[in-house]
Amino acid sequence: MPITHGQGNPDWSRDETILALDLVLRHWPKIPGKRSVEVKALSDLIRRLPLHADGEKNARFRNPDGVYLKLQNLASLHADKSGRKGLRTSQTDREVWRAFATRPKEVRVIAEQIAAGIDVLAVNEPGDDGDIYEAVEGMVLTRVHRVRERAPGFRSRIIERARKRDGVIRCECCSLVSKFDGAAAYVIFEVHHLVPLCNAATSVTRLQDLALLCANCHRLIHAVMRERASHCTLDEFRAWYGG
């Protein structure tokens, strides 16, 4: 059976699969041809994604033939195409299909943001993200979100805002108050970017888009979003936390 993760190249990531699904949904029920401008453009875009090390890729990495096969594999998940033979889908294909196949407009927005995120990360790679979770929207927008949270100067400004407003440095969820000041506060508290990931790459970060959370709450709110597979507002997180 044809597959889309062989030939010595890495398996398709969630980001790549979302981009492929976007093309499928935009042209449904007719899939663009193997030599079409759309498939070539998608191949070029996916090859630019900062997700796989160069050493993991060979000359055939996400070429138009492989991209076209991925489109066919994804299309086979539609009920109207379930009888097609010779195609095989991956777990990521099925997860992305379940999450987004009925939400074409949202997929279009996410795909556009992933494309925009490539340029953001080209000049703002956040460094070590070994402990970073992957959001349902994929790793590119997860990393862009991390870039926004780690932007130089924002943490000191948010900490100062908390100090002026409350007289103390306090977590905006659990109300933990820091017993320390200076560098110690930077260890305990982190900036959380309130803008949903589907707007992460093209939004302009403002102070009102940021919240100050203790490190524990910051990890928890991201864990909740990952489990829900959707954005979680600060009010929703407070309700979850206190419930």
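Note that these values count all heavy atoms, side chains included, but never hydrogens, waters or copies made by symmetry.
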Indicate the atoms forming the closest heavy-atom contact of [X] with [Y], along with that distance.
X	Y	result
Arg161	Ala211	NH2-CA, 4.2 Å
Asp235	Arg238	OD1-NH1, 2.7 Å
Leu25	Ala101	CD2-O, 3.8 Å
Pro50	Val140	CD-CG2, 4.3 Å
Gly66	Trp12	O-CZ2, 4.0 Å
Ala201	Leu141	CB-CD2, 4.2 Å

For the residue pair Thr142 and Glu137, confirm or rule out a side-chain donor-acceptor distance under 3.5 Å.
->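 No donor-acceptor contact under 3.5 Å links the two side chains.
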Can you tell me if Ser13 and Glu16 form a side-chain donor-acceptor pair at under 3.5 Å?
->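 Judged by distance alone, the side chains do pair up.
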Is a side-chain N or O of [X] found less than 3.5 angstrom from the main chain of [Y], in a donor-acceptor match?
X	Y	answer
Arg148	Val144	no
Glu112	Val109	no
Glu172	Leu212	yes
Asp22	Pro104	no
Glu236	Thr233	yes

Distance-only check: which donor-acceptor pairs under 3.5 Å involve side-chain atoms of residues 38-45, not counting sequence neighbours?
{"unit_1": "Lys40", "atom_1": "NZ", "unit_2": "Asp44", "atom_2": "OD1", "d": "3.2"}
{"unit_1": "Lys40", "atom_1": "NZ", "unit_2": "Asp44", "atom_2": "OD2", "d": "2.8"}
{"unit_1": "Ser43", "atom_1": "OG", "unit_2": "Arg62", "atom_2": "O", "d": "2.5"}

Who passes side chain to side chain donor-acceptor pair (under 3.5 Å) against Asp119, sequence neighbours left out?
->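 By the side chain to side chain donor-acceptor pair (under 3.5 Å) rule, Asp119 matches Arg48.
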Examine Val204 and Ile158 and state if one hydrophobic cluster contains both, with Ile, Leu, Val, Met, Phe, Trp and Tyr joined whenever side-chain heavy atoms are less than 4.5 Å apart.
->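 In one cluster: no.
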Rounded to the nearest 0.5 Å, what separates atom [atom1] in [X] from atom [atom2] in [Y]?
X	Y	atom1	atom2	answer
Phe154	Glu149	CZ	CD	11.5 Å
Phe189	Ser178	CZ	OG	5.0 Å
Leu21	Arg108	CG	CZ	11.0 Å
Cys171	Leu213	SG	CG	5.0 Å
Arg94	Thr17	CZ	OG1	11.5 Å

Any salt bridge between Glu160 and Arg157, counting N to O under 4.0 Å?
->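 Salt bridge: no.
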Do NZ/NE/NH1/NH2 and the carboxylate oxygens of Asp93 and Arg14 come within less than 4.0 Å?
->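 So Asp93 does not pair with Arg14 through a salt bridge.
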By the rule that ILVMFWY residues connect when side-chain heavy atoms come within less than 4.5 angstrom, directly or transitively, which residues belong alongside Val177?
->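 When side chains under 4.5 Å apart are linked, the cluster holding Val177 also contains Val168.
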